[in-house]
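This report concerns only the one structure given below.
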Amino acid sequence: MNKRNFLKSVGLGSLAIMQPSIPTLSASAKTPSQPAKKARHRVWINPDEKDTVADLQQRYAAYKKAGIGDIFFEADSEKHFRAAKENGIMAHRWIWTMNRGEKELLASHPEWYAKNRKGESCATHPPYVQYYRWLCPSKPEVVNYLKEQAEAVLSKDYVDGLHLDYVRYCDVVLPVNLWTNYGIDQSKELPEYDFCYCETCREKYKEKKGIDPLEMEHPDQSPSWRRFRYERITNVVTNLAQVAKQHKKPITAAVFPTPDIAKRIVRQDWTNWPLDSVNPMIYHGFYKEDVNWIGEAVAEGVNGLHGKFPLYAGLYLPDFKGNMDDLEKGIRLALQNGAAGVSLFGSVNTTVLDTLKKASV
Ligand SMILES: [Zn+2]
């Protein structure tokens with residue numbers, strides 16, 4: 001498997017209309033034949049500038065017919081955004097949040113990058129792969145920079161919402177099936193993948209707890225040092241949510257598959273984020289799980305959210321290896337376990353659209 005594809009897709013990352021999770025008196029009084037709330041689906045797309053407007057009109061009309069209500073575009077392509085909107089689909093801009101390797105930023109602010117427990121910076125020593133350039137979430141300059149980026153995206157009239165990807169720390173532990181690829185044993189948190197131990201983070205923690213995390217014998221085992229880092233990412237999301245709110249546009253995120261996995265390996269505490277909806281990437285193949293796990297992971301996320309905002313199950317189409325019965329089963333399990341819809345990553349062809357329609361009734 002291509003490492004970049006893996007990390008990128010796991011790093012991946014949608015929108016929403018709040019749906020009441022508890023039936024009201026009047027709803028429960030409805031006849032049993034009352035149809036359930038219709039699922040609304042989503043797609044992640046890296047827009048191709050070579051696509052023609054005519055092609056896009058046709059493609060997005062077909063998406064809409066299949067129940068797709070939102071698209072997340074990984075790049076700014078006005079043509080794609082407008083074609084989606086003309087077909088009644090909300091067009092969101094999907095951005096890389098904490099992982100930012102733009103050359104000008106690396107050159108002008110190397111001091112904004114996260115440092116591992118050995119003191120190595122992502123500006124000079126990217127972990128695992130060259131494009132892993134994580135910013136430190138504790139520095140006010142970083143938060144301001146990300147707010148400016150969000151402001152620029154949301155100021156465009158054709159952008160309906162902001163979608164956060166890579167809104168996390170570097171993976172302190174990779175899924176077990178990748179350990180051999182990298183020749184590493186991550187049965188414990190290794191210092192070179194454990195972030196962020198920059199001066200700002202250490203000082204802020206010390207102010208609260210009276211100790212520098214580097215002076216702890218086992219910093220990886222400290223619950224409060226973990227919590228501190230969940231809160232650093234939550235603070236970034238809260239700041240970006242304020243920008244979205246000013247623009248009256250939804251903010252959504254692509255996150256790791258379950259609340260437990262997300263906290264454990266990338267320090268994402270997403271059930272406590274101020275989002276409009278969330279797309280956990282329930283990519284069963286990456287975790288060596290079967291299709292049934294999609295339902296289990298959705299249930300875990302929905303339970304953790306307590307109805308705060310809707311959850312859309314992120315599905316990785318290549319994991320289904322062309323088996324549309326499995327895809328149908330995965331979509332049904334997601335919906336049965338409380339997902340408001342699914343969010344697809346991969347090639348959304350006619351067969352996939354047909355399966356989406358079939359599974360949503
Ligand atoms: Zn830091």
Side-chain angles (χ1 to χ4, degrees), residues 7 11 95-150 164-174 186 188-243 253 255-256 262-270 272-273:
L7 286 164
I95 64 160
W96 289 27
T97 314
M98 302 311 298
N99 180 17
R100 302 199 71 112
E102 46 264 51
K103 280 203 180 82
E104 57 281 16
L105 195 61
L106 275 167
S108 59
H109 290 293
E111 75 283 8
W112 288 3
Y113 285 82
K115 282 187 181 173
N116 65 22
R117 212 191 315 152
K118 293 170 83 179
E120 296 164 338
S121 165
C122 286
T124 49
H125 292 75
Y128 306 114
V129 281
Q130 275 301 317
Y131 76 94
Y132 254 25
R133 305 284 185 168
W134 299 90
L135 293 171
C136 165
S138 295
K139 297 185 193 296
E141 302 86 345
V142 166
V143 177
N144 283 337
Y145 177 76
L146 296 176
K147 283 171 81 174
E148 284 164 19
Q149 301 289 319
L164 309 176
D165 188 10
Y166 288 107
V167 57
R168 60 181 180 88
Y169 284 85
C170 170
D171 327 51
V172 64
V173 173
L174 290 173
Q186 291 188 318
K188 61 178 184 179
E189 294 186 1
L190 300 172
E192 50 268 59
Y193 308 111
D194 185 19
F195 292 86
C196 175
Y197 291 79
C198 80
E199 293 70 15
T200 313
C201 286
R202 287 163 49 206
E203 270 164 31
K204 277 186 196 277
Y205 181 77
K206 193 172 179 178
E207 266 170 38
K208 285 178 93 166
K209 295 286 175 181
I211 183 166
D212 178 340
L214 277 184
E215 287 167 10
M216 293 179 191
E217 192 180 352
H218 297 293
D220 55 315
Q221 297 301 318
S222 164
S224 63
W225 174 230
R226 280 185 190 215
R227 170 165 291 281
F228 174 86
R229 289 177 288 175
Y230 303 153
E231 288 168 358
R232 300 326 300 163
I233 296 292
T234 299
N235 178 58
V236 170
V237 177
T238 304
N239 272 275
L240 299 182
Q242 283 162 1
V243 179
V255 296
F256 270 47
K263 285 168 91 170
R264 188 154 43 84
I265 70 179
V266 292
R267 329 275 193 209
Q268 279 178 330
D269 185 15
W270 54 259
N272 286 309
W273 291 355

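Reckoned from all heavy atoms, side chains included, excluding hydrogens, waters and symmetry mates. Start at 1 and go down the list; that is how both ligands and their atoms are numbered.
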Determine which pairs satisfy salt bridge (charged side-chain N to carboxylate O under 4.0 Å, His left out) with at least one residue from residues 124-149, sequence neighbours left out, and list them in order.
none
With sequence neighbours excluded, tell me which residues meet side chain to side chain donor-acceptor pair (under 3.5 Å) with Trp270.
none
For the Zn ion (ligand 1), which protein N/O/S atoms fall under 2.8 Å? Skip waters.
Cys136 SG, Cys196 SG, Cys198 SG, Cys201 SG
Once you round to the nearest 0.5 Å, how far does CG of Asn99 lie from OH of Tyr132?
7.0 Å
Are Arg202 and Asp212 close enough for a salt bridge, meaning some N to O gap below 4.0 Å?
yes
With Glu111, which residues qualify under side chain to side chain donor-acceptor pair (under 3.5 Å), at least two apart?
His109
Between Glu189 and Arg226, does any side-chain N to carboxylate O distance fall below 4.0 Å?
yes
